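In what follows, chains are A, B, ... by sequence order, proteins preceding strands, each numbered from 1. For clarity, every value in this text was computed on a predicted model and none was experimentally measured. Hydrogens, waters and symmetry mates are skipped; everything else that's a heavy atom, side chains included, is used.
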Number of protein chains: 2
Amino acid sequence: MKKVTVIGGGTGSFIVLTGLKKYPVDLAAIITMMDSGGSTGKLRDQLGVLPPGDLRQCLVALSEASSLWRQLFLYRFEHGDLKGHNFGNIFISALEKVSSNYDEVIETANYVLKTKGQVIPVTFDKVHLCVEYEDGHIIKGESNIDENNTNPHRIVRAFLEPYASLNPKAKQRLEESDVIILGPGDLYTSTIPVLLVEDVQEIIRSSKALIIYNLNLMSKYGQTSHYTAKDHVHDITHYLGREPNIVIENNGQIPVEIAKWYEKYQETKIVNDLHGNGFAGTIIEEDVIDRNVFAKNTSDVLTRSILRHDPEKLAKILLRYI
Amino acid sequence: MKKVTVIGGGTGSFIVLTGLKKYPVDLAAIITMMDSGGSTGKLRDQLGVLPPGDLRQCLVALSEASSLWRQLFLYRFEHGDLKGHNFGNIFISALEKVSSNYDEVIETANYVLKTKGQVIPVTFDKVHLCVEYEDGHIIKGESNIDENNTNPHRIVRAFLEPYASLNPKAKQRLEESDVIILGPGDLYTSTIPVLLVEDVQEIIRSSKALIIYNLNLMSKYGQTSHYTAKDHVHDITHYLGREPNIVIENNGQIPVEIAKWYEKYQETKIVNDLHGNGFAGTIIEEDVIDRNVFAKNTSDVLTRSILRHDPEKLAKILLRYI
């Protein structure tokens with residue numbers, strides 16, 4: 001079986017893993033450990049644990065346990081002392097407290113969730129993501145970059161503080177991978193952080209693995225404001241140390257009311273401008289939007305989560321190259 | 001195999017179950033669901049769940065999972081939003097939120113903890129324990145009765161508010177039991193609450209099961225102030241509707257410094273005065289104190305938890321009658 005490795009964390013990686021897990025591939029996810037927002041950020045600060053959120057999402061994506069276990073791990077408390085905390089995050093944090101090492105944490109979570117494939121933290125070092133903008137402004141902390149960030153300038157540099165050493169299991173997996181998949185996901189807060197860890201760029205640059213990059217559907221203000229496909233690929237190439245072999249772009253129509261909602265936040269559909277712009281790899285343009293989410297949405301409230309990649313559509317495209 | 005049913009919750013039931021689980025008996029615990037203090041009380045109030053604490057302790061006692069799982073379920077968070085909350089309680093509460101019924105909660109907990117035997121909540125109704133003292137004073141809520149209660153009078157009546165219907169599984173188990181074990185544990189806040197639930201007294205009174213009562217080592221101020229063995233058996237008999245067949249009393253020496261520590265709280269060693277006082281059952285007097293706890297105790301701080309029954313000593317006595 002081909003060794004397919006997904007890089008990132010968050011909803012984007014959840015979708016790719018969910019789609020691919022039904023097929024006969026040897027799956028692994030190498031997870032960013034730089035999240036500092038929400039329930040994860042609080043647990044990190046208050047308990048001194050590694051950030052559990054991205055790990056938890058990928059574990060659930062790869063879970064073949066009953067839906068009850070998946071629901072439990074995604075359950076968020078709505079009241080009292082635990083309000084806003086996700087059960088899966090609490091589980092992983094408590095497990096870290098009683099385990100002798102982080103491998104034991106992951107093994108135990110794998111056991112209850114019956115995960116198919118591996119979930120591998122890119123580092124066990126407690127580090128923070130920093131970005132520097134064109135105007136010289138530096139923001140430290142994943143959540144500060146992610147949330148309410150209205151810096152209109154481009155990010156010119158991303159780095160980790162302090163130094164993050166590579167988890168040996170992540171190193172081995174990267175070296176053995178036949179296919180490496182990046183995105184979808186927030187470019188600077190989900191995808192690039194993994195590439196900033198010690199040796200990752202070097203291993204990927206010299207790897208024979210096929211690199212596939214799933215472009216996001218929309219730009220994100222303060223992080224990829226006004227970015228086109230070319231801008232995304234430019235930045236990914238910079239941190240990868242090589243161009244992706246394949247880029248998957250969406251050409252499906254985004255419903256007008258959803259596009260309008262995003263416009264209020266100065267976020268727009270990614271323009272597909274890779275053709276004729278010097279990109280040497282394969283460009284795939286298909287409708288990858290999850291239309292089921294629209295159908296299910298009965299509320300008038302629009303959120304970012306309504307516009308997503310379809311796990312099945314994406315998996316079918318990816319499988320052509322795996 | 002003989003069907004042995006332990007009634008209660010808390011540390012006392014934990015000890016009895018821990019001792020008996022190594023032997024070939026069909027074990028079950030019927031659990032009080034009236035706890036309203038600490039982490040359990042907060043979760044109950046804030047999330048509207050059933051009290052998880054007693055259930056969790058009995059599940060861990062019967063667990064044959066690796067020590068990691070038992071440690072995890074007993075882990076208490078020390079900092080931040082989760083401070084004071086026990087992981088096992090959080091697990092059971094979140095599970096209740098995503099499960100379709102409470103049987104599913106227990107099955108899922110049984111699965112991860114590999115419990116030997118059954119843990120059965122006595123009721124699924126959300127009720128509170130109340131006690132009335134000789135002076136007419138009524139206290140409502142298990143934690144209010146348990147903590148900082150300095151009423152010097154005797155309790156003359158215990159009741160539940162509102163009415164608690166009996167869990168059909170608890171009913172069936174009580175009817176099938178060969179042996180029913182009560183105590184050790186706080187008389188009014190751990191043992192008697194189970195006996196107050198619909199039909200329990202009637203089932204036990206007409207049952208052919210052997211009833212064994214493990215007397216506590218010390219009295220508890222505000223609940224069993226100045227109680228002797230006879231007083232305990234009197235109250236238990238009142239709420240059972242029949243006398244226990246066997247009462248196990250401690251005759252082991254309590255170290256002077258520990259007895260002195262308890263004296264500060266007006267709590268004293270239970271006087272064994274059952275002989276010649278009209279009790280028709282079997283009286284067993286043995287040293288049932290856990291001496292290992294003293295040996296392990298390296299701190300200068302004494303707490304109630306240092307004086308406990310020894311699971312092994314107690315099990316060996318119980319097995320003579322099972």
Side-chain angles (χ1 to χ4, degrees), chain A residues 36-49 51-52 56 60 63 65-115, chain B residues 36-49 51-52 56 60 63 65-115:
Chain A
S36 65
S39 162
T40 287
K42 282 187 178 178
L43 294 171
R44 185 177 175 169
D45 288 347
Q46 296 173 354
L47 306 176
V49 293
R56 183 247 318 159
V60 173
S63 172
S66 72
S67 70
L68 182 71
W69 279 103
R70 298 201 303 278
Q71 280 175 57
L72 182 64
F73 267 70
L74 297 176
Y75 180 74
R76 199 170 287 278
F77 290 97
E78 288 169 4
H79 305 283
D81 298 345
L82 278 58
K83 187 176 175 175
H85 282 291
N86 170 286
F87 174 77
N89 291 350
I90 294 175
F91 180 92
I92 292 169
S93 301
L95 207 47
E96 182 177 341
K97 287 291 183 185
V98 299
S99 296
S100 49
N101 59 61
Y102 216 79
D103 283 339
E104 203 171 40
V105 172
I106 293 170
E107 275 165 32
T108 308
N110 282 341
Y111 165 74
V112 292
L113 287 169
K114 301 188 202 296
T115 47
Chain B
S36 65
S39 161
T40 286
K42 282 187 179 179
L43 295 172
R44 187 178 174 168
D45 289 346
Q46 295 173 354
L47 307 176
V49 293
R56 182 247 317 157
V60 173
S63 171
S66 72
S67 71
L68 181 71
W69 278 102
R70 297 201 303 278
Q71 280 175 57
L72 182 64
F73 267 70
L74 297 176
Y75 180 74
R76 199 170 287 277
F77 290 97
E78 288 169 4
H79 305 284
D81 298 345
L82 278 57
K83 186 175 176 176
H85 282 291
N86 169 286
F87 174 76
N89 291 351
I90 295 175
F91 180 91
I92 292 169
S93 301
L95 206 46
E96 181 177 342
K97 288 290 185 187
V98 299
S99 296
S100 49
N101 59 62
Y102 215 79
D103 284 338
E104 203 171 41
V105 172
I106 294 170
E107 276 165 31
T108 308
N110 281 341
Y111 166 74
V112 290
L113 287 169
K114 300 190 206 293
T115 47

So, B:Ser39 versus B:Asn89: side-chain donor-acceptor pair below 3.5 Å or not?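 On atom types as modelled, these side chains qualify, holding a pair under 3.5 Å.
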
By a 4.5 Å heavy-atom criterion (distance strictly below it), what part of A:Leu47 contacts chain B: side chain, backbone, both, or neither?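 Just its side chain gets close to chain B.
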
Chain B contact via A:Ser99 - side chain, backbone, both or neither, heavy atoms under 4.5 Å: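 Both parts, backbone and side chain.
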
Do you know which of B:Ser67, B:Gly84, B:Gly80 has the most heavy-atom pairs with chain A at a distance under 4.5 angstrom?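 The answer is B:Gly80.
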
Pairs of heavy atoms under 4.5 Å with chain A: top-ranked of B:Asp45, B:Thr108, B:Val112, B:Ile90: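 Looking at each option in turn, the highest pair count goes to B:Ile90.
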
With rounding to the nearest 0.5 Å, note down the distance linking CG in A:Leu113 to CZ in A:Phe91.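 The CZ atom of A:Phe91 is 7.0 Å from CG of A:Leu113, to the nearest 0.5 Å.
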
Sole residue of B:Leu95, B:Val49, B:Ile92 in side chain to side chain contact (heavy atoms under 4.5 Å, CB included) with B:Tyr102: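 Looking at B:Leu95, B:Val49, B:Ile92, the match for B:Tyr102 under the side chain to side chain contact (heavy atoms under 4.5 Å, CB included) is B:Ile92.
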
May I ask you to test the B:Leu43-A:Leu82 pair for a side-chain heavy-atom distance under 4.5 Å?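 The answer is yes, as the side chains (C-beta and beyond) meet within the 4.5 Å cut-off.
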
